[in-house]
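Heads up, the thing below is written out as structure tokens.
On a predicted model such as this, the values are computed, not experimentally measured, just so you know.
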Amino acid sequence: MPTNKLNDLDPKSWLKFQKSWFVHNPPPRRKDVLVHPAKFPETMAQEFIEFFTKRGQIVLDPMVGTGSTLIAALRAGRHSYGIELNPKYAAIAKQLVQEERLALGDAAASLTAEVIIGDAAQATAYGLPICDYVLTSPPYWDMLHARGAETQKKRRSSPGLDVFYSDDPNDLGNIHDYETFLEKLVNIYAGLKPLLRPKAYLTVIVKNVKKGGRMYPLAWDLGRELGRIYTLKDERIWCQDNQRLAPYGLGSAWVSNTFHHYCLQFRHE
């Protein structure tokens, strides 16, 4: 594709990514990042980065956690910036980014991969350059506080593993009112607009959540509300087929095992 303005992919790779759903089972996590209660895999992040940018362009993750987006950007030959509220996770991210840089050697020598300790709500205050792409995943509301969640039960019995992100009142994962959470999340992503070049894409990886016997359509609500600020272009559904089934509601009620996430694609028109 001699006129490919979006990325460096050949037609076959382009078409493969256009499939509306995909299966990606993350590889085992390193012990030093298991402390973080939720992260998306670098292998998947790299696929998104390579589709929505060209080599040498700039990627931003305003909620970078332990640095998955930055590591993926280094592997893809892109510059990157990440903002992280929790200093502990930011320190882990910096360490992992440095290790990745050393492992890549000359291929990463000229690439920026910067972790900023700060609040995503103040993203424009950190002197960031204009970016070509945003890839991020927010807290799935306050679901890490749900004591009945099977994953959380296992983490509580494992010393040294965080059950939720932080005690910081600015942490969206600590907001217990759904509408307030949604409003603040939308405002954070809307606030990134001055940092995005025209026609740049923003990918938000999110899922609908269940709480108190009902479903809260977080992904759909975010698509509707953020779609008033950016153009909601499409979705890709990330499926995991290596999770163990649990007998929720067995014999009495329908309660699904939810093993899919929505990768929502917005564009700054």
Side-chain angles (χ1 to χ4, degrees), residues 21 24-26 29 34-41 44 61-66 68 84-86 89 119-121 136-158 161-190 203-229 232 235-264 266:
W21 64 272
H24 189 101
N25 296 316
R29 292 168 59 183
L34 276 174
V35 63
H36 191 281
K39 72 184 289 290
F40 58 85
M44 188 181 78
D61 186 343
M63 303 173 185
V64 79
T66 53
S68 295
E84 174 51 43
L85 186 66
N86 189 328
Y89 299 152
D119 189 342
T136 192
S137 181
Y140 292 175
W141 188 19
D142 65 349
M143 292 311 296
L144 293 181
H145 291 272
R147 298 192 62 84
E150 201 66 29
T151 300
Q152 296 301 80
K153 288 180 181 178
K154 293 177 182 178
R155 293 186 70 85
R156 287 189 181 92
S157 63
S158 302
L161 300 186
D162 292 347
V163 178
F164 45 87
Y165 297 115
S166 73
D167 296 316
D168 194 316
N170 292 321
D171 187 332
L172 295 183
N174 294 330
I175 298 174
H176 301 299
D177 178 75
Y178 178 72
E179 295 298 334
T180 301
F181 166 80
L182 181 63
E183 180 182 4
K184 287 184 177 292
L185 180 61
V186 170
N187 287 340
I188 285 174
Y189 292 147
T203 298
V204 182
I205 300 174
V206 68
K207 70 188 298 186
N208 297 327
V209 297
K210 301 187 188 79
K211 183 178 180 181
R214 62 168 286 188
M215 187 182 84
Y216 291 81
L218 174 57
W220 305 340
D221 286 343
L222 183 62
R224 183 191 67 241
E225 296 301 320
L226 197 57
R228 305 179 197 275
I229 297 149
L232 177 59
E235 66 181 3
R236 292 188 81 211
I237 300 176
W238 166 26
C239 304
Q240 294 175 263
D241 63 359
N242 65 341
Q243 306 293 302
R244 293 183 63 182
L245 292 169
Y248 302 131
L250 186 65
S252 62
W254 161 261
V255 184
S256 70
N257 282 255
T258 306
F259 300 147
H260 68 278
H261 308 248
Y262 295 88
C263 306
L264 303 178
F266 300 88

Measure across Leu222 and Phe266 and return the closest heavy-atom pair with its distance rounded to 0.1 Å.
-> O-CZ, 4.1 Å
Enter the distance from Ser137:OG to Met44:CE here, rounded to the nearest 0.5 Å.
-> 8.0 Å
Inter-residue atom distance His176.NE2 - Asn174.CG, 0.5 Å rounding = 6.0 Å
Measure across Trp141 and Ile175 and return the closest heavy-atom pair with its distance rounded to 0.1 Å.
-> NE1-O, 3.1 Å
Here the gap from Ile237 atom CD1 to Tyr262 atom OH, rounded to the nearest 0.5 Å, amounts to 5.5 Å
What pairs of donor and acceptor atoms, side-chain ones from residues 179-190 against any protein atom, are under 3.5 angstrom apart with sequence neighbours left out?
from, atom 1, to, atom 2, distance (Å)
Thr180, OG1, Asp177, OD2, 2.7
Asn187, ND2, Glu183, O, 3.3

Test item: Asp241 and Asn25 side chains (from C-beta on) under 4.5 Å apart, heavy atoms | yes
Can you find a side-chain donor-acceptor pair between Thr258 and Lys210 that sits under 3.5 Å?
-> yes
Spell out, as yes or no, whether a donor-acceptor pair under 3.5 Å connects the side chain of Trp238 to the backbone of Val206.
-> no
First locate atom CG of Leu85, then atom CG of Asp119, and finally report the distance between them rounded to the nearest 0.5 Å.
-> 5.5 Å
Ignoring hydrogens and angles, tell me if any N or O in the side chain of Gln240 forms a donor-acceptor pair with the backbone of Asn242 under 3.5 Å.
-> no
Here the pair of heavy atoms bringing Ser256 nearest to Trp254 is CB-CZ2, 3.6 Å
Do Pro139 and Met63 have side chains that get closer than 4.5 Å, going by heavy atoms?
-> yes
Pairs of donor and acceptor atoms involving the side chains of residues 214-221, under 3.5 Å and at least two apart or interchain, shall be tabulated with distances.
from, atom 1, to, atom 2, distance (Å)
Asp221, OD1, Arg224, NH1, 2.9
Asp221, OD2, Tyr178, OH, 2.7

Do you know which two heavy atoms are closest between Glu84 and Gly65, and how far apart they sit?
-> OE1-N, 2.7 Å
Side chain to side chain contact (heavy atoms under 4.5 Å, CB included) with Leu245: which residues, sequence neighbours excluded?
-> Asn257, Phe259
Interatomic distance, CG@Asn208 vs NE2@His260, rounded to 0.5 Å, equals 6.5 Å
Minimum heavy-atom separation for Ala120 to Pro62, with atom names?
-> CB-O, 3.2 Å
